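Remarks on the structure that follows.
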Amino acid sequence: MPIISKYSNDEINNLVEEIISVIQANKAPVDLALIALGNTVSNVIDDNVSEKQKMAIAKSFSDALLASMAS
């Protein structure tokens, strides 16, 4: 059963393109880009998720990342 998002593909793709554009504009090497993206994910979770849910959200995010690499 496919996962249905409350966001359109266009909304997601536009945001991803903007993020990638910033990384490319700064000529960030892969390791720096990954560090910055990881810190961004941590900040988004810290600033927007309750203490009780932080670990579950982080686990869900990491599982989704790993699954996307396997396909």
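Remember, it's a predicted structure, so these values are computed and weren't measured experimentally.
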[X] side, atom [atom1]; [Y] side, atom [atom2] - distance, nearest 0.5 Å:
X	Y	atom1	atom2	value
Tyr7	Asn14	OH	CG	14.5 Å
Asn48	Lys54	CG	NZ	9.5 Å
Leu32	Leu37	CG	CG	9.0 Å
Met55	Ile57	CE	CD1	11.5 Å

Task: Path from Ile23 to Leu34 over hydrophobic side-chain contacts below 4.5 Å - done: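 Unlinked, Ile23 and Leu34 end up in two clusters.
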- [ ] Tell me whether Ile12 is reachable from Ile20 by hopping between hydrophobic residues (I, L, V, M, F, W, Y) whose side-chain heavy atoms are closer than 4.5 Å.
- [x]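 Shared cluster, yes.
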Is the backbone of [Y] close enough, under 3.5 Å, to the side chain of [X] for a donor and an acceptor to pair up by distance?
X	Y	answer
Ser60	Ala56	no
Ser42	Gly38	yes
Glu11	Ser8	yes

- [ ] Using the test side chain to side chain contact (heavy atoms under 4.5 Å, CB included), find all partners of Ala58 that sit at least two apart in sequence or belong to another chain.
- [x]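 By the side chain to side chain contact (heavy atoms under 4.5 Å, CB included) rule, Ala58 matches Ile45.
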Open item on the list: Testing the basics here: between Val22 and Asn26, what is the closest heavy-atom pair and its distance to 0.1 Å?
Closed with: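 Minimum heavy-atom separation between Val22 and Asn26: O-ND2, 2.8 Å.
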Task: For Asp10, all residues meeting side-chain hydrogen bond (donor to acceptor under 3.5 Å, both in side chains), sequence neighbours excluded - done: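 With sequence neighbours excluded, Asp10 shows a side-chain hydrogen bond (donor to acceptor under 3.5 Å, both in side chains) to no residue whatsoever.
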